Amino acid sequence: MLIRTGWLSFKRIAYFMIDLLKHYKWNRVVYFYERNSYHNVAGPNTGHLVLSTMAEFFRRENITYLPFSTDSARSNFTESLKEKVGFSHSSEY
């Protein structure tokens, strides 16, 4: 889990994530985001804007991604996560 990566552009965050994924030879991502996170940084829907940028770069690198908006999680976050992610993005470890 990565949080507070610093004052970077959305593009730099995407490059950082891609470098990290390549280093560990991962090719699937579940991207958790909150639509209105960091409102003070880039206004409304900043979380969604970051996700859109990440998705564009992930597609270019053939990285499979699954967005998961924490806003849409029902009252039981754990159950919502199990339904959305399931076993498709997990491993035997």
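Computed from a predicted structure; not experimentally measured. These values consider heavy atoms only, across backbone and side chains, with no hydrogens, waters or symmetry-generated copies.
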Trace of the side chain to side chain contact (heavy atoms under 4.5 Å, CB included) decision for M17 with F58: CA-CA 9 Å; M17 290 297 302; F58 286 165; 4.3 Å; yes
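- Rounding to the nearest 0.5 Å places OH of Y15 at 12.0 Å from CE of M54.
- Note that NZ of K22 is 7.0 Å distant from CG of D19, once rounded to the nearest 0.5 Å.
- Counting only heavy atoms from C-beta outward, the side chains of L21 and N27 never approach each other to under 4.5 Å.
- Between R28 and I63, the closest side-chain pair of non-hydrogen atoms is not below 4.5 Å.
- Across every non-hydrogen atom of T53 and K11, the tightest pair is CG2-N, 4.1 Å.
- Geometrically, R60 engages F57 in a cation-pi contact defined by less than 6.0 Å to the ring centre and at most 45° from the axis.
- The structure places OG1 of T64 at 15.0 Å from CH2 of W26, a figure rounded to the nearest 0.5 Å.
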